[in-house]
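Quick caveat, the model's predicted, so the values are computed rather than measured. Computed from heavy atoms alone, side chains included, the values below leave out hydrogens, waters and symmetry copies. Read the numbers this way: they start at 1 and go in the same order the structure lists the ligands and their atoms.
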Amino acid sequence: MSEPLQVEIDGTALQREIDALAEISEQPAPVVTRILFSEADLRARTFIKHLCGDAGLTLREDAAGNLFARWPGKNPALPPVATGSHIDAIPNAGRYDGVVGVLGGLEAIRALKRAGFEPARAVDLIVFTAEEPTRFGIGCLGSRLLSGALAADKAACLQDSEGVTLEEWRARAGCAETPLASARLERGCYRAFIELHIEQGPLLEREGIPIGIVEKIAAPATLRLELTGEGGHAGAVLMPERRDALLAGAEIALAVERAAASTGSADTVGTTGVFRIEPGAVNSIPGRALLEIDVRDTQQPARNAALRRIEQAVAEVCGRRRVEWNLQTLNADPPALCDGKLVNTVASVCERLQLPARRMTSRAYHDSLFMALLCPMTMIFIPCRGGVSHRPDEYSSPEQIREGVRVLAGTLAALAVR
Ligand code: GLV
Ligand code: MN
Ligand code: MN
């Protein structure tokens with residue numbers, strides 16, 4: 001049978017599932033917060049497992065908590081095709097980031113099943129552990145471990161802000177029976193990986209184009225900076241005596257902005273997204289500060305130039321202010337190039353569905369960045385209102401989601417048919 005490209009997507013069921021998943025949150029609606037291994041994250045995983053079971057998929061969970069839901073193919077010797085994304089959500093997030101790729105991926109599989117399509121090779125839906133960096137400061141934890149971009153022994157030592165390690169969290173979450181290293185997959189394990197995601201930027205909406213096909217994912221880096229000055233009484237310690245960790249951090253946050261603005265590349269972005277101080281009392285000098293800094297560019301040399309400038313600023317500011325510092329690079333990844341043939345496959349599916357599409361770069365990172373180390377990869381983007389993401393008002397319409405799922409289903413069919 002040739003692939004049925006005109007599959008019927010059940011947009012109503014899909015939207016119902018997206019809304020039901022959004023209810024599973026650490027904060028009341030419309031906010032979605034699901035930090036890795038939180039009670040909400042664990043409940044959300046159970047919700048997805050039930051849906052995958054209902055769809056007749058076979059479930060496997062690896063040592064990193066990545067979930068694989070398989071639709072077996074006729075020929076088990078052929079490497080499967082995979083799709084998927086994540087369901088964890090940063091604090092104060094919306095309901096579509098990651099979720100569209102997971103529940104949309106599931107609906108693509110169900111739609112192909114309903115259409116009577118029989119895949120030659122298996123189709124896997126992957127729900128990656130912790131695409132978001134909230135707990136451990138490093139994003140794409142699950143896909144880093146799958147691909148070997150992060151070694152298991154290094155990952156096991158990762159600590160959250162309470163000092164709890166990944167190993168301890170794995171034990172609490174009940175996925176520590178097998179060693180973390182067993183999550184590693186071999187290059188070539190998949191025929192291809194295609195991730196459906198909201199754009200998280202404004203271009204598709206602005207240009208009135210329903211589908212983006214990703215050619216490249218920008219290079220992300222994350223720094224964690226601990227500053228130790230000296231606390232004391234806000235009334236009693238005179239200004240020349242002070243070693244205020246917050247003020248050092250404030251100067252460094254401004255230096256991050258300057259570093260991003262001065263690489264000569266309009267694509268460099270720098271964000272100090274975490275800035276915590278201790279003790280956090282109005283009449284007490286901040287003795288300690290923790291900053292987490294996100295720096296990206298589509299070109300690695302420009303990104304690295306910004307990182308170097310930030311490191312220089314840290315040394316200069318802390319020297320001048322007599323503040324001790326400990327700067328860690330949590331990750332500094334290269335950009336990923338999508339597979340040209342796969343991009344063409346998605347483009348021809350769009351043509352056959354008569355859906356306008358444009359090729360584009362992903363400025364956000366995704367698990368696809370690391371899946372590219374294992375197999376050919378690309379991503380399908382759909383518009384989101386105002387380009388807004390990582391906010392509760394993040395929105396893509398049911399129709400926009402449905403179009404994305406149609407393209408994903410068509411692409412999975414084209415890849416799994418032989
Ligand atoms: C992913 O959530 C990113 O920060 O790009
Ligand atoms: Mn995100
Ligand atoms: Mn995402």
Side-chain angles (χ1 to χ4, degrees), residues 18 21-22 25-26 31-36 40-41 44 48 66 83-105 125-144 149 193-202 204 212 214 216-224 260 267-274 292-298 303 330-336 360-372 377-384 387-396 401 404 408:
I18 291 172
L21 184 52
S25 165
E26 292 167 52
V31 175
V32 178
T33 300
R34 275 192 301 267
I35 313 298
L36 171 68
D41 179 49
I48 297 289
N66 294 307
T83 187
S85 195
H86 62 101
I87 55 166
D88 66 320
I90 63 161
N92 202 41
R95 63 183 58 189
Y96 299 96
D97 175 5
V99 167
V100 163
V102 171
L103 291 175
L125 174 70
I126 310 178
V127 186
F128 294 97
T129 290
E131 190 264 0
E132 301 292 5
T134 316
R135 183 171 296 286
F136 292 112
I138 181 170
C140 300
L141 191 56
S143 51
R144 281 177 195 274
F193 178 75
I194 308 104
E195 181 171 359
L196 172 66
H197 207 282
I198 60 169
E199 181 197 344
Q200 304 182 289
L204 293 175
V214 175
K216 185 176 185 182
I217 303 178
T222 316
L223 305 175
R224 181 181 277 169
D267 286 331
T268 318
V269 285
T271 309
T272 304
V274 171
E292 285 178 1
I293 299 163
D294 178 307
V295 186
R296 315 184 191 201
D297 196 292
T298 52
R303 194 275 317 274
L330 296 182
N331 66 288
D333 303 294
M360 59 198 304
T361 296
S362 172
R363 291 169 187 280
Y365 59 69
H366 303 279
D367 293 299
S368 292
L369 186 68
F370 299 99
M371 290 307 285
M377 168 284 292
T378 189
M379 298 186 69
I380 299 166
F381 275 0
I382 58 166
C384 55
V388 164
S389 184
H390 283 184
R391 281 178 18 191
D393 55 340
E394 179 178 88
Y395 179 76
S396 293
I401 296 172
L408 178 62

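- Geometrically, ligand 1 and Y365 share a nitrogen or oxygen pair separated by less than 3.5 Å.
- Residues passing the side chain to side chain contact (heavy atoms under 4.5 Å, CB included) test with P133, sequence neighbours excluded: Y365.
- When only interatomic distances are considered, the shortest N/O to N/O separation between D294 and ligand 1 does not fall below 3.5 Å.
- The protein heavy-atom contact nearest to atom 2 (O) of ligand 1 is E132 OE1, 3.0 Å.
- Within the 4.0 Å heavy-atom criterion, neither part of H366 lies near ligand 1.
- The pair D333-R144 counts as a salt bridge, with a side-chain nitrogen and a carboxylate oxygen less than 4.0 angstrom apart.
- When all heavy atoms of S368 and T378 are compared, the closest pair comes out as OG-O, 4.4 Å.
- Judged by distance alone, the side chain of E394 and the main-chain N or O of Y96 form a donor-acceptor pair under 3.5 Å.
- Only the side chain of R296 comes within 4.0 Å of ligand 1, judged by heavy-atom distances.
- For R224, the CZ atom counts as densely surrounded, since its 6.0 Å shell holds more than 12 non-hydrogen atoms of other residues, nucleotides or ligands.
- Of the possible polar contacts, one joining the R34 side chain to the I87 backbone as a donor-acceptor pair under 3.5 Å is found.
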| task | For the pair Q200 and S389, evaluate side-chain hydrogen bond (donor to acceptor under 3.5 Å, both in side chains) and give the outcome as yes or no after the intermediate values. | result | CA-CA 5 Å; Q200 304 182 289; S389 184; 2.9 Å; yes
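- Using a 4.0 Å cut-off between heavy atoms, H390 contacts ligand 1 through its side chain alone, with no backbone atom that close.
- Shown are the protein N/O/S atoms under 2.8 Å from the Mn ion (ligand 3), given by residue and atom: H86 NE2, D97 OD1, H197 NE2.
- Using a 4.0 Å cut-off to heavy atoms of A364, the atoms of ligand 1 that qualify are 5 (O).
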